[in-house]
Amino acid sequence: MKSKKKRAKQKKLPYIYNRKWRDKSETDTPKEIQPVIRFKSKIEGKSVLKDLVQGNIEIENNTIEDFVILRADGSPTYNLSASVDDHLMGMTHIIRGDDHKINTFKQIQIYDAMNWKVPSFAHIPLIHTIEGKKLSKRDNASTLDDYSKIGIMPIALRNYLLRLGWSYKDKEIFDLDESIKYFNLEGIGKSPSKLDISRIYSINEHYIKNIDENDLFNFLITYCDTFHEKITDLAQKKIKNSLHFLKNKAKTLEDIYKNSKFLINDRVQIEKEDKKLLDETAIKIIKLFSNEIIKLTNFTRETLEPIINDLIKNNNTNFKGVGQPLRICLTGSKFGPGIYDILSALGKEEVSRRLSQIR
RNA sequence: GGUCCCUUCGUCUAUCGGUUAGGACACAUGGUUUUCAUCCAUGAAAGAGGGGUUCGAUUCCCCUAGGGACCGCCA
């Protein structure tokens, strides 16, 4: 058989099992081989699958070969196992990928042969990569874990996947209750859709900014524990208090984590590139700022703003001239949360401590 | 190659015979801003092609093209 198949492929002819043993009796079986058991599939006529998504699909029965249901070792193949299992489990609806369409014609014949009630089928289109091919496990962003790793929240991915290949009017954001309430088979499109990572980021960002802050906090801590580092109770407290501004600049949990690093680590590490930005004037401004804040009893935006404004005026510079050195000294990075957010999150003592280490 | 399926902006999609073809993401420009980002405004951007049916087709039918899935003693 193997050789026949090869020949068919070379000649580019359709291969179909020749049904050689279809009508032989059991006694004709050669003794020296372990036979497989094939299903005596319909040869005449057509079959119609009333698919809940795809509509009616018609196929000539003779294009379905006598498929194997028991292997040589006696174990059942997928099509037999799936049919039996689904029947025994009382399945009423089978919703699965498009790639199972042909199997359905085989499985329906098994149901019929057993006189079982045939369930309803819905074959949903596959998800394609951006290149337009079936998404497979080999693709680097195909598993849930891949998305968790980059800080995509489950609820965001759920929302994205819900809207991929399905729609309800112009609605884009669905919480869990709405997903259940509005989802239906009728809204599913027939053509495969491509996975668009920027859309996933965008929805994730929406959830980061709009869900309850306690929920966000829990997602974040779980994420850090799993993929980065264990966050101490003290650091957790600091993050929780600052989450309202940390989340503003984030598309992913990873972004929030990065923005929180200055709260997690007490030691500030300044990159070489950034160190260059701390020239004489910058250091001078830092010193002046340090001296000013010592006098403060309240350490808030209201009390800090006049100090910074004076520094800008007296040193003939702009906000960047003061804000950037401060940010670098306090967080080790040019980028990050707003300077007043950083200052009040760290508090007067910590700010003084970090600035005193600059020389 | 055979069988089956699909086809509206770059992407996800709305439209169920009559619309300036709508929205969202992404993109571009401008504004706000304190870096990065957010936010706001504006803009560019689509019915694969050809035939029918019809007063009228993105919408219904046919053909062509393009794309996809399946073609295992895998699931």
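Numbered from 1 within each chain, the chains take letters A, B, ... in sequence-line order. Not measured: the values here are computed from a predicted model.
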Give me the distances for all protein-to-nucleotides 30-41 of chain B N/O pairs that come in under 3.5 Å?
residue, atom, partner, partner atom, Å
B/rU34, O4, A/Arg301, NH1, 3.3
B/rU34, O4, A/Arg301, NH2, 3.4
B/rU35, O2, A/Lys334, O, 2.9
B/rU35, N3, A/Arg327, NH2, 3.0
B/rU35, N3, A/Gly336, O, 3.0
B/rU35, O4, A/Lys249, NZ, 2.6
B/rU35, O4, A/Arg327, NH2, 3.3
B/rU35, O4, A/Gly336, O, 3.3
B/rU35, O4, A/Pro337, O, 3.4
B/rU35, O4, A/Gly338, N, 3.4
B/rC36, N3, A/Lys249, NZ, 2.7
B/rC36, N4, A/Lys249, NZ, 2.8

Taking only side-chain N and O atoms of A/Ser193, does any of them lie within less than 4.0 angstrom of OP1 or OP2 on B/rU13? yes

Indicate, with a heavy-atom threshold strictly under 4.0 Å, whether A/Glu60 touches base, sugar-phosphate, or nothing. nothing

Taking the side chain of A/Val36 as its heavy atoms from C-beta onward, which of B/rU13, B/rA26, B/rC73 lies nearest to it? B/rC73

Can you classify the ring geometry of A/Tyr78 versus A/His100 as parallel (below 30°), tilted (30 to 60°) or perpendicular (above 60°)? tilted

Does A/Ser193 reach the side chain of A/His128, with side-chain heavy atoms less than 4.5 Å apart? no

Using whole Å, what does the distance between atom P of nucleotide B/rU3 and atom NZ of A/Lys42 come to? 20 Å

Just how far, in rounded Å, is P of B/rA14 from NZ of A/Lys169? 13 Å

Using whole Å, what does the distance between atom C1' of nucleotide B/rC70 and atom CG of A/Asn103 come to? 8 Å

Value in whole Å for how far the C1' atom of B/rC25 lies from NZ of A/Lys171: 17 Å

For residues 233-242 of chain A, which side-chain N or O atoms pair as donor and acceptor with protein atoms under 3.5 Å away, sequence neighbours left out?
residue, atom, partner, partner atom, Å
A/Gln236, NE2, A/Ile231, O, 3.3
A/Asn241, ND2, A/Lys237, O, 3.3
A/Ser242, OG, A/Lys238, O, 3.1

Just list the side-chain donor-acceptor pairs under 3.5 Å for residues 257-270 of chain A, sequence neighbours left out, or say none.
residue, atom, partner, partner atom, Å
A/Tyr257, OH, A/Glu229, OE2, 2.6
A/Ser260, OG, A/Ile256, O, 2.6

Any carboxylate oxygen within less than 4.0 angstrom of a Lys/Arg side-chain nitrogen, looking at A/Lys134 and A/Asp99? yes

May I have the distance from A/Asn62 (atom CG) to B/rG2 (atom C1'), rounded to whole angstrom? 11 Å

Determine the contact category for A/His123: base if any of its heavy atoms lies under 4.0 Å from a base atom, sugar-phosphate if only primed atoms, P, OP1 or OP2 are that close, otherwise nothing. nothing

Write down the distance between NZ (A/Lys106) and P (B/rU3), rounded to a whole number of angstrom. 16 Å

To the nearest angstrom, how far is A/Lys134 atom NZ from B/rA75 atom C1'? 10 Å

Quick one: label A/Val68 by what it contacts on the DNA or RNA (base, sugar-phosphate, nothing), any heavy atom closer than 4.0 Å. sugar-phosphate

Does a nitrogen or oxygen in the side chain of A/Thr77 sit under 4.0 Å from OP1 or OP2 of B/rC73? no

Tell me the interatomic distance from A/Ile127, atom CD1, to B/rG68, atom P, rounded to whole angstroms. 17 Å

